[in-house]
Novice: 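For reference, the structure I am asking about is given below.
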2 protein chains.
Amino acid sequence: MVEPKRRNTPQKAAVKHALGEATGFVSAQQLHQTLKNHGSSIGLATVYRTLADLAQAGDADSLQSNDGEVLYRACTNAHHHHLICRECGKTVEIEADRVEKWADEVAQEHGFSEPSHNIDIFGNCAACQSAKSKSGLAN
Amino acid sequence: MVEPKRRNTPQKAAVKHALGEATGFVSAQQLHQTLKNHGSSIGLATVYRTLADLAQAGDADSLQSNDGEVLYRACTNAHHHHLICRECGKTVEIEADRVEKWADEVAQEHGFSEPSHNIDIFGNCAACQSAKSKSGLAN
DNA sequence: ATTGCTATTGACATTCATTATCAATAAGTC
DNA sequence: GACTTATTGATAATGAATGTCAATAGCAAT
């Protein structure tokens with residue numbers, strides 16, 4: 001089972017670029033729409049394939065939205081987590097050795113090897129809070 | 001918009017019970033199969049509805065599997081997270097005020113209100129590790 | 001126990017994200 | 001340029017989850 005050689009194509013570059021332009025997390029569908037709106041004739045399947053590759057390679061983060069879509073975001077290779085606004089999707093990257101260590105310890109304590117983890121924090125960002133209170137929907 | 005009165009039905013009880021019997025996380029589909037195998041004629045939609053209600057009420061935890069399915073598990077009302085075996089799905093409930101606090105702090109630091117979070121730790125449990133090494137697949 | 005109201009059910013259709021298929025295309029190499 | 005084959009894109013297929021709606025069955029009142 002030899003890995004086939006990768007080829008560089010304008011499509012892959014386009015997806016990569018579009019993902020970089022996007023703020024926060026985007027779905028494959030959204031990205032596909034965006035690309036088409038900009039004149040590209042890229043296929044939906046290609047967007048999916050490329051995003052999966054990017055995630056595999058560690059060039060993109062992925063997480064599941066609460067309505068079953070997978071969302072992607074360009075990222076650095078460094079391990080980190082996200083603080084995400086429920087309303088607008090604004091994202092802040094979080095790094096915290098404390099928590100990394102904690103997760104590994106917990107796994108070890110229970111005899112689990114090769115620990116990995118998902119940590120996502122959600123909340124309403126400052127902008128969305130003030131927007132909400134202005135529209136009289138304050139809780 | 002008044003909430004309609006809830007009714008107690010054998011179907012809801014069956015789902016609740018089956019969820020309690022299950023070890024680890026189960027999908028709605030699996031649960032539906034299990035129930036049918038036990039002679040129930042419960043409808044798939046009803047299983048989905050009931051699970052959604054349980055999750056809403058805090059009587060069940062839900063998380064997304066890596067292939068897009070939503071998995072459920074009976075749980076206590078106390079807030080907690082999970083340590084999950086990649087191989088067999090065995091689950092350990094984790095509580096850690098340290099991390100709860102950390103998450104809330106991080107959110108506050110960045111101006112996010114009403115913080116909530118998802119934390120899941122994955123690993124290979126002791127049983128699966130030894131099973132693997134016996135079958136000569138040691139890393 | 002019977003009635004009436006309506007929440008709930010279940011069979012089925014539908015939606016929609018994602019994946020598989022496969023002939024046509026185009027990277028990269030010589 | 002010619003050749004090999006990874007990649008693409010249109011389309012079909014898959015499958016989880018939700019909507020629909022007539023029929024059923026809780027439950028409160030009688």
Novice: Can you give the first and last nucleotides of DNA chain C, 5' to 3', that have an atom under 4.0 Å from a heavy atom of chain A?
Specialist: C:dA17 to C:dG28
Novice: Using a 4.0 Å heavy-atom cut-off, does A:Leu44 contact any base of the nucleic acid, only the sugar-phosphate backbone, or nothing at all?
Specialist: base
Novice: So does B:Trp102 get a backbone contact from the side chain of A:Arg98, meaning a donor-acceptor N/O pair under 3.5 Å?
Specialist: no
Novice: Using a heavy-atom cut-off of under 4.0 Å over every strand shown, decide if B:Thr9 touches base, sugar-phosphate, or nothing.
Specialist: sugar-phosphate
Novice: With a sphere of 6.0 Å drawn around CD of A:Gln108, does it hold more than 12 non-hydrogen atoms of other residues, nucleotides or ligands?
Specialist: no
Novice: Does the pair A:Tyr72 and A:Leu31 meet the rule for a side-chain contact (heavy atoms from CB on, under 4.5 Å), with working shown?
Specialist: CA-CA 9 Å; A:Tyr72 293 92; A:Leu31 221 49; 5.9 Å; no
Novice: How many Å lie between NE2 on A:His32 and P on D:dG9, as a whole number?
Specialist: 8 Å
Novice: In whole angstrom, give the distance that lies between atom OH of B:Tyr48 and atom P of D:dT20.
Specialist: 18 Å
Novice: To check you understand the geometry: which heavy-atom pair defines the closest contact between A:Glu93 and A:Ala74, and what is its length?
Specialist: OE2-O, 4.5 Å
Novice: With a cut-off of less than 4.0 Å, is there a side-chain N or O of A:Gln11 near OP1 or OP2 of D:dT7?
Specialist: no
Novice: With a 3.5 Å cut-off and just heavy-atom distances, do the side chain of A:Arg49 and the base of D:dG9 make a donor-acceptor pair?
Specialist: yes
Novice: Give the rounded distance in Å between these two atoms: CZ of A:Arg6 and P of D:dT8.
Specialist: 10 Å
Novice: Considering heavy-atom distances to DNA chain D, does B:Asn8 or B:Asp67 have its closest nucleotide positioned more toward the 5' end?
Specialist: B:Asp67
Novice: Could you work out which one of D:dG19, D:dT7, D:dG9 sits closest to the side chain of B:Ala45?
Specialist: D:dG19
Novice: What is the distance from CD1 of B:Ile42 to P of D:dT24, rounded to the nearest Å?
Specialist: 18 Å
Novice: Indicate, with a heavy-atom threshold strictly under 4.0 Å, whether B:Ser27 touches base, sugar-phosphate, or nothing.
Specialist: nothing
Novice: Classify the ring geometry of B:His117 against B:His79: parallel below 30°, tilted from 30° to 60°, perpendicular beyond 60°.
Specialist: perpendicular
Novice: What's the CD-P distance between B:Gln64 and D:dG15, to the nearest Å?
Specialist: 18 Å
Novice: Could you give the CG-to-P distance, from A:Leu51 to D:dG9, as a whole number of Å?
Specialist: 14 Å
Novice: Using atom CG of B:Leu31 as one end and atom C1' of D:dA16 as the other, report the distance to the nearest whole Å.
Specialist: 15 Å
Novice: Between A:Val106 and A:Phe112, is a side-chain contact (heavy atoms from CB on, under 4.5 Å) present by the stated rule, with each step listed?
Specialist: CA-CA 9 Å; A:Val106 168; A:Phe112 283 57; over 6 Å; no
Novice: Which whole-number value in Å describes the distance from A:Asn66 CG to D:dA17 P?
Specialist: 14 Å
Novice: Record whether the side chain of A:Arg7 comes under 3.5 Å of the base of D:dT5 through a donor-acceptor pair of N or O atoms.
Specialist: yes
Novice: Report the residue (B:Ala28 or A:Ser41) whose heavy-atom-nearest nucleotide on DNA chain D is the more 5′ of the two.
Specialist: A:Ser41
Novice: Looking at A:Asp97, I'd like to know if its CG atom is crowded, meaning that more than 12 non-hydrogen atoms belonging to other residues, nucleotides or ligands lie closer than 6.0 Å.
Specialist: no
